[in-house]
Amino acid sequence: MAELLIGQVLAYHGDPFVEGTGAARHMTRGGVLVEGGKIRATGAADDLRAAHPEARVHDYGQALISAGFVDAHVHFPQTAIIASWGKRLIDWLNSYTFPEETRFADPAYAAEIAGRYFDLALAHGTTSMCSYATIHPASVDAFFGEAQRRGLRAFAGRTCMDRNAPDGLRDTAQTAYDESRALLTKWHGVDRLSYVITPRFSPTSTPEQLSALGALWAENPSCLMQTHLSEQTDEIAWVKGLYPAARDYLDTYEMHGLLGTNGVYGHAIHLEPREKDRLREVGAALVHCPTSNTFIGSGIFDMAGLKAAGQVVGLATDTGGGSSFSMLRTMAAAYELGQLNGAALHPAQLWWLATQGSAQALRVADRIGNLAPGMEADIVVIDLASTPVIAQRAARAEDIWEAIFPTIMMGDDRAVAAVWIGGKQAVARAD
Ligand code: GUN
Ligand code: ZN
């Protein structure tokens, strides 16, 4: 049965970092026709209603209908340790993250946290995500099992580490290859799921392990490869010591077959000119994780500069180094860091990053992250007056961007009125 969602509709036909707000298409009284899990049409609500009298109508009034949010870098196993106080990256990993990830040796715990993670992500309007799991294959099975049950387009991989990690979280080059390969074979391309080859980062892998995963990627080039890059200055100094022959941090990946178009590099804050050049030449994706960068004290990602230079950039929570599950809060943090960096990112750019930008980074922008005929029907409906503070500010708005910006800056899961996954309603907030 066809479903017709009516409200304010926001879609894009270009990149607002390139084309400005003209890249966006807003309809005050628009409609999105959904059938068979896909978007069949978008247009004026009245026209769609007249053309499709058989469709079941969901009238969301003044609420904003958008593509669902795409979180391009998250650690679902860190759900329970979000907002852990007082550490910077390496201490934070050793104090909070690694002990928590050790618990995923228990498949029942992995399943419990995967369920909790997806409940939270969906409640916040995130309809696709690219996650790190832990070293335990059961953590990957738990993630994909839950994502499959919910019909999500989701990405994840087994996080590989063979040094500088505690007992119980270390593998070897060979077991990393073997277990990643087995999970890839099991899950990659099943339903809407994609396996992602996942070396955690250069400090926790030997050169042998990076090479083994580089070989696995060469054998499976349709997979994404995700890792961390140049997040904190202490980390970069450590990488220099561990890989004395490398020209820079990116080279530790490049030397081992881990630089490519389907590479997704989280953080990428303190980049050298050569690293930027190589990333752009290759067309690899960078993922900005703003709430994490402030929370762990990492630094300021140069969004405006990197986008102007033509880099592929996505946006992400990086939960639990990030301090929120909300892509609204994540957009707000990106705005705040932009201000500190001398560039006020426009709401059209922030919203694009959280939808199309992240979908581009994950190489699925032709399928998710926008509202257009043929796209998969993953949709979020956002109440632009979800709290008294937001409502009184939005009431003064003179255009759609002024109406959206208070929700970007102050909104949370209370703003999420409905979520549709693959053409089916997954979250409906009862007012
Ligand atoms: N670098 C290596 N592992 C991690 C992680 O789990 N979170 C963040 N923020 N950075 C990392
Ligand atoms: Zn991360």
Side-chain angles (χ1 to χ4, degrees), residues 71-104 113 117 121 129-136 139 143 155-166 169-170 176 196-205 209-210 213 224-239 242 249-250 252-253 258 263-270 285-301 314-325 330 333 337 358 361-362:
D71 187 347
H73 178 129
V74 57
H75 298 256
F76 92 84
Q78 298 171 14
T79 295
I81 57 145
I82 191 170
S84 291
W85 184 84
K87 306 285 184 189
R88 295 172 68 89
L89 178 60
I90 306 305
D91 284 346
W92 174 83
L93 285 170
N94 287 318
S95 306
Y96 299 120
T97 308
F98 291 160
E100 177 64 11
E101 292 192 8
T102 305
R103 299 184 64 181
F104 285 68
I113 298 297
Y117 165 73
M129 57 290 290
C130 184
S131 186
Y132 290 64
T134 67
I135 203 158
H136 314 95
S139 72
F143 178 91
F155 301 75
R158 173 189 181 282
T159 298
C160 301
M161 300 195 274
D162 67 345
R163 64 169 162 175
N164 295 319
L169 283 187
R170 284 192 315 274
V196 185
I197 295 165
T198 308
R200 181 174 218 118
F201 66 156
S202 290
T204 49
S205 289
Q209 178 167 83
L210 294 182
L213 294 173
L224 300 179
M225 187 289 303
Q226 64 180 347
T227 191
H228 296 84
L229 176 67
S230 291
E231 181 177 0
Q232 290 209 341
T233 50
D234 291 359
E235 170 206 13
I236 296 165
W238 192 21
V239 168
L242 290 171
Y249 196 154
L250 184 67
T252 64
Y253 298 127
L258 292 171
V264 183
Y265 301 86
H267 302 289
I269 298 169
H270 309 281
L286 314 181
V287 182
H288 179 34
C289 308
T291 73
S292 171
N293 298 162
T294 53
F295 184 74
I296 318 185
S298 301
I300 301 179
F301 180 87
L315 188 67
T317 61
D318 190 31
T319 303
S323 56
S324 175
F325 286 89
T330 302
L337 284 172
S358 285
L362 302 178

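In listed order, ligands and their atoms are each counted from 1. On a predicted model such as this, the values are computed, not experimentally measured, just so you know. Reckoned from all heavy atoms, side chains included, excluding hydrogens, waters and symmetry mates.
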Given R200, which of Q209, Q226, E101 fulfils the side chain to side chain donor-acceptor pair (under 3.5 Å) condition? E101
Of all N, O or S atoms in H75, the one closest to the Zn ion (ligand 2) is NE2
Residue D318 atom name (nearest to the Zn ion (ligand 2); N/O/S): OD1
Where does W92 meet ligand 1, judged by heavy-atom distances below 4.0 Å: at the side chain, the backbone, both, or neither? side chain
Note: T204, heavy atoms under 4.0 Å from ligand 1, region reported as neither
Side chain or backbone, does [X] bring an N or O within less than 3.5 Å of an N or O on ligand 1?
X    : answer
E231 : yes
R200 : yes
Q78  : yes

According to the interplanar angle, ranging from 0 to 90°, do the rings of W238 and F201 count as parallel (below 30°), tilted (30 to 60°) or perpendicular (above 60°)? perpendicular
Over 60° means perpendicular and under 30° means parallel, so classify the ring planes of Y117 and F76, tilted if in between. tilted
Y132: heavy atom below 4.0 Å from ligand 1, yes or no? no
Work out which heavy atom in [X] is nearest to a heavy atom in [Y]; give both atom names and the distance.
X    : Y    : result
T291 : S323 : OG1-N, 3.0 Å
A268 : L286 : CB-CD2, 4.0 Å
S95  : K87  : OG-CE, 3.5 Å
P290 : A316 : CD-O, 3.7 Å

Quick one, Y249 with H267, criterion ring pair (Phe, Tyr, Trp, His ring centres under 6.0 Å). Give me CA distance, side-chain angles, the key distance, then yes/no. CA-CA 12 Å; Y249 196 154; H267 302 289; over 10 Å; no
Atom 5 (C) of ligand 1: of M161, H75, E235, the nearest heavy atom sits on H75
Go through ligand 1 atom by atom and flag the ones less than 4.0 Å from a non-hydrogen atom of F201. 1 (N), 2 (C)
May I ask you to list the atoms of ligand 1 that are less than 4.0 angstrom from any heavy atom of D318? 8 (C), 9 (N)
With a cut-off of 2.8 Å, does [X] put an N/O/S atom close enough to the Zn ion (ligand 2)?
X    : result
H267 : no
E231 : no
C289 : no

Between OG1 on residue T159 and CG on residue L169, distance to nearest 0.5 Å: 9.5 Å
